[in-house]
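Here is the naming used below: chain letters follow the sequence lines, and residue numbers restart at 1 for every chain. Computation of the quantities below employed the complete heavy-atom set of this structure, encompassing side-chain atoms and omitting hydrogens, waters and symmetry-equivalent molecules. Given the structure is predicted, the values throughout are model-derived calculations rather than measurements.
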Protein chains: 2
Amino acid sequence: MPKQAESGGHRAAPVHTDPAEVSLLTALSAVADPVRIQLIRELAGSAAWTRSCGSFDVPVGKAALSHHFTVLRGAGLVEQRDEGPRRVNRLRREEFDARFPGLLALVLGDVAVD
Amino acid sequence: MPKQAESGGHRAAPVHTDPAEVSLLTALSAVADPVRIQLIRELAGSAAWTRSCGSFDVPVGKAALSHHFTVLRGAGLVEQRDEGPRRVNRLRREEFDARFPGLLALVLGDVAVD
DNA sequence: CCGAGTGTTCGATGAACATCTTACAGTCTC
DNA sequence: GAGACTGTAAGATGTTCATCGAACACTCGG
């Protein structure tokens, strides 16, 4: 019997921050990092809830990656949910754009990061 | 005879960066700082070339202030010119906005910084 | 020419922060 | 239950960066 992967597991649920309560400095700092920009861009190119944390092509280890997702959650940029052993992600496009209009569009633009 | 304050003094001219050549990361990092945000906001509230570097109400010493202006110049956000003993500033609104649309508007918005 | 005012540079300090390694806690399959 | 896989937590390390104090350079007014 394949147990249905549900989000209410025993694991500690990820702590989310409402974009409406995020300060300008927190948002800008979260976005002013090359690894996080890459995460946001890859995430924007995939459907919601289809990418697990480990599925991103970034040049850092698991621990650092986990840290970056914590920062993104704290800035109201990413929502996470547990699906069995993995933690899948969603970019909070509308909500974040309502709070900081244009910022996400800027990060997702064609401009070279570095 | 009151010598006319001119910009071609003997002092080393400030090094400017064209906003068109600024990377996304440089722009975001420059703007992700509380002191620099305050400088930008005060500068936006004054006419061009009317504010000298020392005329800003920020809680840092001269040395740090000079550093922050160097960063702002490097990000293509501020243009400087020497007028006698002081160095006066101008916010490069149009140029910077052409390169990073919406970013300046976000920084100048009503949102609380911290 | 001296002194006050303005801003930069240098060296040092301290605080964040990004990163890694290791260890641990879940989940799933066999 | 054993083992593979995924992600988090804790501790250590190194770097970046904001800041300061002091010294220096330049401008202007007596």
Side-chain angles (χ1 to χ4, degrees), chain A residues 1-16 25-26 28-39 49-56 58-75 78-89 113-114, chain B residues 1-16 25-26 28-39 49-56 58-75 78-89 113-114:
Chain A
M1 168 189 179
K3 188 176 350 183
Q4 178 70 17
E6 53 182 78
S7 50
H10 293 159
R11 191 168 4 182
V15 178
H16 287 108
L25 201 55
T26 299
L28 291 174
S29 301
V31 140
D33 178 282
V35 173
R36 290 195 284 266
I37 289 181
Q38 190 173 343
L39 291 176
W49 309 121
T50 63
R51 305 292 301 268
S52 69
C53 292
S55 72
F56 292 85
V58 286
V60 298
K62 298 192 306 178
L65 190 56
S66 183
H67 161 68
H68 284 300
F69 274 107
T70 302
V71 173
L72 291 177
R73 275 200 322 266
V78 164
E79 189 178 1
Q80 296 185 314
R81 176 206 300 172
D82 286 341
E83 274 186 5
R86 353 200 170 72
R87 181 159 284 189
V88 290
N89 302 274
V113 175
D114 207 356
Chain B
M1 169 188 180
K3 190 183 330 189
Q4 178 69 15
E6 54 184 76
S7 49
H10 294 161
R11 189 168 6 183
V15 179
H16 288 109
L25 202 55
T26 300
L28 291 175
S29 301
V31 142
D33 178 282
V35 173
R36 290 193 287 266
I37 289 182
Q38 189 173 343
L39 291 176
W49 310 121
T50 61
R51 303 292 302 267
S52 69
C53 292
S55 73
F56 293 84
V58 285
V60 296
K62 298 193 306 179
L65 190 55
S66 183
H67 162 67
H68 284 301
F69 273 107
T70 301
V71 173
L72 290 176
R73 275 201 322 265
V78 164
E79 189 179 2
Q80 298 185 315
R81 176 206 300 171
D82 287 340
E83 275 187 5
R86 357 189 164 60
R87 183 159 283 190
V88 290
N89 302 276
V113 175
D114 207 358

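- Of the listed nucleotides (C/dT9, C/dT19, D/dT8), C/dT9 has the atom at the smallest distance from the side chain of B/Ala63.
- Contact check, A/Arg86 against C/dC28: no side-chain N or O comes under 4.0 Å of OP1 or OP2.
- Using a 4.0 Å heavy-atom cutoff across all strands shown, B/Ser52 reaches sugar-phosphate atoms only and no base atom.
- No side-chain donor-acceptor contact under 3.5 Å links A/Ser55 to the backbone of A/Arg51.
- In this structure, the CG atom of B/Asp82 is 9 Å from the C1' atom of D/dC26, given to the nearest Å.
- Taking for each of A/Val35 and A/Pro85 the nucleotide of DNA chain C with the nearest heavy atom, the 5'-most of the two is the partner of A/Val35.
- Spacing between atom NE2 of B/His68 and atom C1' of C/dT8 amounts to 15 Å, rounded to whole angstrom units.
- One interatomic measurement links the two molecules: CG of B/Asp114 to C1' of D/dA18, which rounds to 15 Å at whole-angstrom precision.
- Between the side chain of B/Arg87 and the backbone N or O of B/Cys53, no donor-acceptor pair lies under 3.5 Å.
- Atom pair B/Phe56:CZ and C/dG7:C1' shows a separation of 14 Å (rounding to whole Å applied).
- Between the CD atom of B/Glu83 and the P atom of D/dC28 there is a distance of 10 Å, given to the nearest Å.
- What separates CG of A/Leu65 from P of D/dA9 is a distance of 13 Å, to the nearest Å.
- In this structure, B/Pro59 and A/Gly54 both approach DNA chain D, and ranking their closest nucleotides by distance from the 5' end singles out A/Gly54.
- Within the 4.0 Å cut-off from OP1 or OP2 of C/dT6, not a single side-chain nitrogen or oxygen of B/Arg87 is found.
- Each of B/His16, B/Gln80, B/Glu79, B/His68 was evaluated against B/Arg73; a single residue qualifies, B/Gln80, per the side chain to side chain donor-acceptor pair (under 3.5 Å) test.
- For B/Lys62, taking side-chain heavy atoms from C-beta onward, the closest of the listed nucleotides D/dT6, D/dA18, C/dG7 is C/dG7.
- Regarding B/Phe69, its CZ atom lies at a distance of 15 Å from the P atom of D/dA18, rounded to whole Å.
- The CG atom of B/Asn89 lies 8.5 Å from the CG atom of B/Leu39; values are rounded to the nearest 0.5 Å.
- With C/dA18, C/dT9, C/dC20 as the candidates, the nucleotide lying closest to the side chain of A/Arg36 is C/dA18.
- For A/Leu25 and D/dA18, the CG to C1' distance is 13 Å, given to the nearest whole Å.
- Residues A/Ile37 and B/Leu28 form a side-chain contact, since some pair of their non-hydrogen atoms from C-beta on lies under 4.5 Å apart.
- Of the candidates D/dC20, C/dT19, C/dG7, the closest approach to any side-chain atom of B/Cys53 belongs to C/dG7.
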